[in-house]
Structure formats: structure tokens, C-alpha cells
Amino acid sequence: MLDSKIPAGEISQKWTKYKDHLRLVAPNNRPKIDIIVVGTGLAGASAAASLGEMGYNVKAFCFQDSPRRAHSIAAQGGINAAKNYQNDGDSIYRLFYDTIKGGDYRAREANVHRLAEVSGNIIDQCVAQGVPFARDYGGMLDNRSFGGTQVQRTFYAAGQTGQQLLLGAYSALSRQIGQGNVQMYNRHEMLDIVKIGGKARGIIARNLITGELERHSAHAVIIASGGYGNVYFLSTNAMGSNVTAAWKIHKKGAYFANPCFVQIHPTCIPVHGENQSKLTLMSESLRNSGRIWVPKKKEDAEAIRSGNLKPTQIKEEDRDYFLERRYPAFGNLVPRDVASRAAKERCDAGFGIEANATNEGVYLDFSSEIISKGKQAAYATGNHNPSEDEVIKLGKAWVEEKYGNLFQMYQKITDENPYETPMKIYPAVHYTMGGVWVDYNLQSTIEGCFVAGEANFSDHGANRLGASALMQGLADGYFVLPYTVSDYLSADIRTGKIPTDTPEFDEAENEVRNSIEKFLNNNGSKSVDHFHKKLGHIMWNKVGMGRNEQGLTEAVREIDELRKEFYRDVYVPGSANELNPELEKALRVADFMELGQLMAMDALQRKESAGGHFREEYQDAEGETLRDDVNFNFVGAWEYGGSDINAETLHKEVLNYEYIKIAARNYK
């Protein structure tokens with residue numbers, strides 16, 4: 001049975017009362033205890049810094065050359081917190097409710113409420129670290145709206161919020177490194193976890209510069225290695241982002257939950273060509289000011305694609321602002337899964353505007369906001385009858401101040417000026433709500449192995465609200481793990497140093513070494529990317545935005561065949577004892593192959609539509625998700641059963657909603 005360890009009591013008091021009764025480790029005992037943290041994004045860096053400051057001996061690992069390179073740096077739009085600075089009705093309960101509803105009622109209530117509770121503390125912490133959040137005219141912290149909400153609760157630092165937050169966490173981490181409490185291992189990748197007596201007691205890591213395999217022991221291991229969106233090959237994730245750390249602990253006993261819950265982000269620059277290897281996200285914050293549309297007439301869309309018509313030549317009455325039309329209450333700020341499916345529907349119907357292989361793309365237009373803000377700016381200066389040129393000039397200045405770096409990035413990539421011509425956007429794989437199953441303490445089904453941030457499944461249900469990823473990562477690292485990990489470690493103050501010269505470490509290292517040698521000795525003829533692209537093609541077409549039973553069944557079979565071909569015909573150049581990026585990719589893609597099959601299997605068994613998981617057989621008359629709350633109101637946690645993916649065992653954690661009434665999502 002899955003024991004989520006949710007404490008009893010009224011939900012607003014659960015976390016506070018629970019913390020009051022957790023066991024502690026005295027300050028004089030903490031230096032006797034070692035903790036490993038894998039990953040140094042927001043979740044990992046904040047956890048390592050916090051635990052180091054408490055006095056534990058922390059070893060932190062990242063495969064990048066610096067923790068500052070973690071993919072958290074790519075987050076643009078903001079971080080949520082229920083501070084109600086805008087006096088528009090926000091509260092802890094409102095953030096709690098919006099998150100549960102936004103996740104299509106497939107998240108655990110207790111975890112989500114805790115996240116909402118500590119959200120305000122995150123902002124205070126980051127301000128104290130010097131994070132340069134945007135401020136209003138009076139010097140107070142500013143807020144903006146994100147999808148799935150009707151309040152302004154998103155704190156931001158221009159269009160580089162993730163970078164600024166990561167620098168804050170990195171500064172805290174660096175301080176602990178300087179004091180000797182944290183030992184930093186850059187350019188190291190975890191390739192297996194080591195269990196002794198059923199408990200996580202260390203990892204096998206590869207030094208990516210020298211190729212040396214290293215043994216590292218600890219009394220507890222924290223996995224904070226991010227999500228698995230790169231299973232699709234094309235995604236908004238950094239090229240190095242992978243699932244290996246999470247998948248290795250899955251193969252050693254950690255259940256993997258809801259792998260089919262994948263978020264498609266609606267505002268990504270469309271795919272341009274067949275040889276593209278990376279997609280670029282445009283912040284969701286742009287939906288505050290931009291209006292999404294396609295032409296009302298198919299002939300206009302065809303003319304745009306052929307280059308015979310410009311979007312600025314389409315009259316207002318000939319534009320279909322389809323989100324505003326379908327969802328008047330939320331308009332362009334509906335949740336990401338809703339906006340993405342609506343864009344796909346228009347493009348599938350022939351109204352797409354991008355001249356690529358699929359004709360997929362819609363416009364994100366700022367002309368209305370430029371005029372509106374231009375008039376406001378002119379009026380504020382006493383000019384109550386400005387000319388059109390004055391209005392546009394002032395409006396562009398307002399937009400540039402708010403979103404300038406994002407507009408600059410878009411223009412550099414597309415060679416189009418978004419102040420003059422609407423942005424082209426289309427949905428793309430962005431975030432993964434699924435991940436390693438954890439209980440209320442963020443502990444996996446491996447005792448002593450904790451999982452934080454995007455690597456776990458805990459807080460977002462079937463769809464993540466925008467600006468909640470940064471919130472969850474920092475909440476886990478700063479305000480949850482220091483309590484729950486200490487409670488676990490209170491039993492280890494007499495354990496002593498964990499030795500690495502044991503049969504368990506021998507076995508784990510040998511397994512890693514054998515897998516490396518198999519790839520290097522394989523007499524294949526095709527590159528790793530060849531197989532990764534093939535996998536991504538299967539995943540996007542059959543386990544992507546729209547899914548059905550036939551496609552998912554085919555995906556399981558096709559990935560199995562591709563996986564066999566991969567092991568038979570992949571070519572990995574170089575040697576093990578050197579910097580070898582192709583070997584790194586091969587090891588990661590091997591894990592993606594197995595994960596891809598499990599994602600398809602999970603989507604196949606979940607015979608409903610919920611959030612980012614859209615089964616075409618289960619939709620209402622208006623094309624919205626049709627959940628089955630009788631049969632599928634659970635977290636699907638999979639237990640590894642061997643090399644045959646069909647041997648995975650599904651365990652169910654039933655979701656009990658005591659404080660929020662389950663209802664059909666309505667953003668109209």
C-alpha cells in the first residue's frame with residue numbers, strides 16, 4: 001500500500017502542527033551526517049544551501065560546469081505567491097484552489113495547500129538575498145497575472161525571473177561552499193543509486209571530464225534533477241536535461257507517478273525546420289498583454305503561409321481571437337493545456353499561419369496593448385489628444401520596459417520585429433507534472449531517498465499553472481526538506497560514516513561500467529541523435545497533445561522496436577576515460593527509451609482526459625477534457641519490474657478531496 005503520510009487535522013493547520021512534532025537533529029550532531037544532493041537548480045541549490053547552513057555535510061552534484069547553468073535559469077515569467085499585494089482578492093486558499101483546479105483535480109490536497117502556505121516566505125527569502133524583483137511606481141513589489149487565475153500574484157524580474165532566483169540560491173550555496181559545509185562536484189553525473197539495507201546510502205557518479213567512476217556515500221540522498229521533457233527530443237528544455245537520475249532510482253525501487261502528465265506550453269516559437277534540435281519558449285507573461293488570434297478565413301491563412309499577405313493587413317473584423325471567443329471569463333489567460341489545445345484545434349482546421357512542414361502556428365499580437373498603454377501614458381503627461389504616432393511611440397516604450405528582453409530574444413531568433421509584426425507561437429513540450437512518487441515528506445518509496453522540484457510528481461496534478469514551477473522548487477528546498485530530511489536523519493546520529501568499499505557499491509559501479517562498455521564496444525552505424533529524433537517523433541505524434549488508444553498501443557510497440565534497434569545499431573565514438581558527450585547522450589537516451597514506453601502505457605490505462613493528458617475518445621461536446629472521477633481519481637504510481645516494460649506494476653493512491661469540491665473545469 002502507498003502511504004502518503006498526510007497528517008491528520010484541518011488543512012490550514014496540517015503543516016504547522018506536523019512541523020511542531022517532527023524529530024530534530026541537534027546542531028552538534030549535524031556535522032556527523034552526510035547528505036547528497038543531485039541537481040543544483042532551484043530545488044537542489046536551495047536544499048543544499050539550507051542543509052549546509054544547518055550544519056550537515058552536503059555533497060552537491062551537477063552535470064553542468066556551474067550550478068548557474070541549471071535549467072531553472074531559463075524560466076522567464078515569474079513566481080507565484082499569495083501575498084495579495086494588488087488587493088484583488090488573493091489568499092492562501094485562492095492559490096490552493098487555483099492550483100487544484102488548474103491541475104484538473106489530479107493533485108494531492110495536502111501538498112498543494114502547504115505550497116500555497118509557504119509561497120509568501122519564498123518572496124521574503126529572495127528579497128533578502130537581493131533578487132531584483134520588479135517594483136511599481138511606489139517602490140512596492142509588482143505583480144502580474146498568469147494563466148488559470150483571475151488575480152495578480154506573479155512576482156517577476158523582467159523576463160529573466162528564473163535566472164535571478166537561481167543567482168539568489170547560488171549565492172546562498174556559494175556561501176556554504178566557501179565555509180566548507182557543501183562540497184560541490186561540477187561536471188559530475190549520477191548514474192546509479194546505492195542501497196544498503198534497503199536505504200539510500202550513496203551514488204555512483206561519473207566525472208564527465210576524466211570519465212572516472214566515483215563512489216560517494218551519504219546518510220540520505222536528495223534527487224533534484226528536473227523533468228523529462230526531452231524524451232520528445234524537441235522541447236523547451238535545455239539540451240542536457242534528462243531523466244537519468246530519476247529513472248535510475250525508479251529501477252532501484254522508487255515508484256514513478258503519472259508519467260503521462262506532460263505540459264504543453266502554448267507560447268513557443270514554432271518549429272522551423274526538420275533539423276532543429278531545440279525549441280524556444282516565449283514567456284506566458286506575454287499573454288497579459290498579447291492577444292492570440294488566427295485569420296477567420298482559410299484563404300487568408302493560406303495567403304499568409306504563402307507570403308502573399310501580411311498579418312498587419314488582416315482587418316480587425318477578419319481576426320479570430322479564439323481564446324477570447326471560447327473562454328470570455330479568462331480570455332487569453334486560460335491555463336496552458338486549454339490554450340494549447342485551442343491553438344491545435346484551429347491549426348488542425350486549416351487556420352495555421354506558419355509556413356513550416358505542418359502549417360502550425362498562431363499569432364500573439366501586441367498592437368492593442370501598445371495603443372492602450374500609449375494612450376494612458378500620454379494622458380498621464382497631460383496630453384489628452386495625442387497623435388497616432390505619439391500613442392504608438394509611448395505604447396512601445398511601455399511594452400519595452402515590461403517585456404524588452406523577451407522581444408529582443410524573439411527578434412534575434414526569427415529576424416522579425418514583434419513591435420511591428422505579431423509574434424508567431426505554437427504549443428511545445430515544456431514541463432512534466434509526472435515524476436518520482438513521494439509522500440508528504442517528499443520521500444520516495446526508497447527509504448532515505450528524497451525527491452524535490454520537477455523531479456517529483458507532488459504538486460501540480462495534470463497541468464501546472466504558470467509561475468508555479470519556481471515556487472515549488474524553492475518551497476521544497478528552502479521550507480520543506482530541511483524539516484522532513486532532519487526528521488529522517490534523527491535516527492542516524494550514531495550510524496557513523498557510510499563506507500564505500502562494500503558489495504553494494506561494487507555491484508552498482510560494475511553495472512554502470514558494463515553499460516558504458518556495451519555502448520563503446522557496439523559496432524553500430526547510427527548516431528545517438530538519430531534514435532533520439534525517432535523516439536521524439538513517436539512521442540509527439542502518439543503521446544503528445546492528442547492521444548488515442550490506437551496510437552498509444554502503437555507507441556508502446558514502436559518504442560520497443562526502436563529500443564532494440566538502438567542497442568543493436570547505435571554508434572558511440574571515443575572512449576570511457578575522457579570527455580565524451582556522445583557517451584553521455586547514449587546513456588541518457590537509453591533511459592528515455594524505457595520512460596517513453598511507460599508514458600504511453602500510463603496514458604493507455606488512464607481512460608479519461610485530464611489536464612495535459614487529452615484522450616480524444618474522452619472529450620465533451622465542446623472539445624474540453626472529460627474526466628472520470630469515479631474510476632481515475634488516483635495517482636498512478638508504477639513499480640519497476642525488469643527490462644520488459646510490461647512487467648511494471650501499477651499502484652494507485654486515491655485522491656481524497658475534503659476541502660475543494662470536484663467539478664468540471666470552467667474558464668468560460
Side-chain angles (χ1 to χ4, degrees), residues 64 68-78 156-164 166 229-230 232-241 263-294 301 304-307 310-312 332 336 339-340 343-344 347 352-367 369-370 396 399-431 466 469 529 532-533 536 540:
Q64 299 92 345
R68 291 173 297 170
R69 294 282 193 177
H71 187 57
S72 300
I73 203 172
Q76 299 166 344
Y156 64 98
Q160 49 183 245
T161 312
Q163 180 180 8
Q164 298 302 329
L166 187 61
N230 274 351
Y232 289 87
F233 187 72
L234 282 179
S235 81
T236 66
N237 288 194
M239 293 294 289
S241 297
Q263 178 162 87
I264 312 294
H265 199 296
T267 56
C268 179
I269 298 176
V271 175
H272 184 68
E274 292 294 321
N275 296 317
Q276 192 168 342
S277 58
K278 174 78 173 66
L279 296 176
T280 303
L281 175 71
M282 300 310 300
S283 169
E284 180 164 308
S285 63
L286 296 173
R287 289 202 275 152
N288 275 275
S289 298
R291 302 175 70 193
I292 296 174
W293 64 274
V294 292
I304 287 174
R305 293 197 297 266
S306 65
K310 295 180 179 179
T312 50
N332 293 293
R336 292 174 175 179
S340 295
K344 181 179 187 295
C347 292
I353 51 80
E354 177 68 312
N356 55 19
T358 56
N359 296 331
E360 292 172 336
V362 301
Y363 286 124
L364 181 60
D365 194 331
F366 296 88
S367 57
E369 187 80 333
I370 288 172
K396 285 181 178 178
V399 170
E400 183 176 7
E401 183 179 358
K402 204 84 169 176
Y403 309 110
N405 64 314
L406 297 171
F407 277 51
Q408 183 183 40
M409 182 172 70
Y410 179 87
Q411 187 166 1
K412 282 186 175 181
I413 292 171
T414 65
D415 198 28
E416 292 184 352
N417 184 351
Y419 295 101
E420 308 289 343
T421 303
M423 286 184 179
K424 296 175 182 178
I425 59 168
Y426 192 70
V429 172
H430 178 57
Y431 187 91
D529 279 348
H532 197 178
K533 285 181 181 180
W540 179 248

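Predicted model only: the values in this text are computed from it and were never measured.
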What are the two closest heavy atoms between [X] and [Y], and how far apart are they?
X: Gln76; Y: Leu281; value: NE2-O, 3.0 Å
X: Ser289; Y: Glu369; value: OG-OE2, 2.9 Å
X: Gln64; Y: Ala70; value: NE2-CA, 3.5 Å
X: Pro311; Y: Thr421; value: CG-CG2, 3.8 Å
X: Tyr410; Y: Met423; value: OH-CA, 3.4 Å
X: Asn356; Y: Pro270; value: ND2-CB, 4.2 Å

Check whether any side-chain N or O of [X] sits under 3.5 Å from a backbone N or O of [Y] as a donor-acceptor pair, and report yes or no.
X: Asp365; Y: Pro422; answer: no
X: Lys424; Y: Val362; answer: no
X: Asn237; Y: His430; answer: yes
X: Glu354; Y: Gly361; answer: no
X: Thr236; Y: Thr280; answer: no
X: Asn230; Y: Gly240; answer: no
X: Arg305; Y: Gly352; answer: yes

**Message:** Does any part of the side chain of Tyr403, heavy atoms only, come nearer than 4.5 Å to the side chain of Leu286, both counted from C-beta?
**Reply:** yes
**Message:** Could you tell me if the side chain of Pro427 sits less than 4.5 Å from the side chain of Lys344, heavy atoms only?
**Reply:** no
**Prompt:** Under 30°, 30 to 60°, or over 60°: which ring-plane class applies to Tyr232 and Trp540, parallel, tilted or perpendicular?
**Reply:**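 Rings of Tyr232 and Trp540: perpendicular, as their planes differ by over 60°.
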**Prompt:** Hey, what's the ring geometry for Phe233 with His532, parallel, tilted or perpendicular (30° and 60° as the breaks)?
**Reply:** perpendicular
Can you tell me how far [atom2] of [Y] sits from [atom1] of [X], rounded to the nearest 0.5 angstrom?
X: Leu279; Y: Cys268; atom1: CG; atom2: SG; answer: 4.5 Å
X: Leu406; Y: Met282; atom1: CG; atom2: CE; answer: 5.0 Å
X: Cys347; Y: Ile353; atom1: SG; atom2: CD1; answer: 7.5 Å
X: Glu360; Y: Ile425; atom1: CD; atom2: CD1; answer: 13.0 Å
X: Tyr419; Y: Gln411; atom1: OH; atom2: CD; answer: 8.5 Å
X: Ile269; Y: Ile413; atom1: CD1; atom2: CD1; answer: 4.0 Å

In this structure, are over 12 heavy atoms from other groups packed under 6.0 Å from [X] atom [atom1]?
X: Glu401; atom1: CD; answer: no
X: Lys310; atom1: NZ; answer: no
X: Asn417; atom1: CG; answer: yes

**Message:** Could you tell me if Ser285 and Tyr156 have a donor-acceptor pair between their side chains, going purely by distance under 3.5 Å?
**Reply:**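 Per modelled atom types, Tyr156 and Ser285 side chains form no pair under 3.5 Å.
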**Request:** Decide yes or no on side chain to side chain contact (heavy atoms under 4.5 Å, CB included) for Lys396 and Glu420, but give the supporting numbers first.
**Result:** CA-CA 10 Å; Lys396 285 181 178 178; Glu420 308 289 343; 2.3 Å; yes
**Request:** Sort out for me which residue in Val294, Ile304, Ile292 forms a side chain to side chain contact (heavy atoms under 4.5 Å, CB included) with Tyr363.
**Result:** Ile304
**Item:** From CA spacing to verdict: side chain to side chain contact (heavy atoms under 4.5 Å, CB included), Arg336, Arg287
**Value:** CA-CA 11 Å; Arg336 292 174 175 179; Arg287 289 202 275 152; 3.9 Å; yes
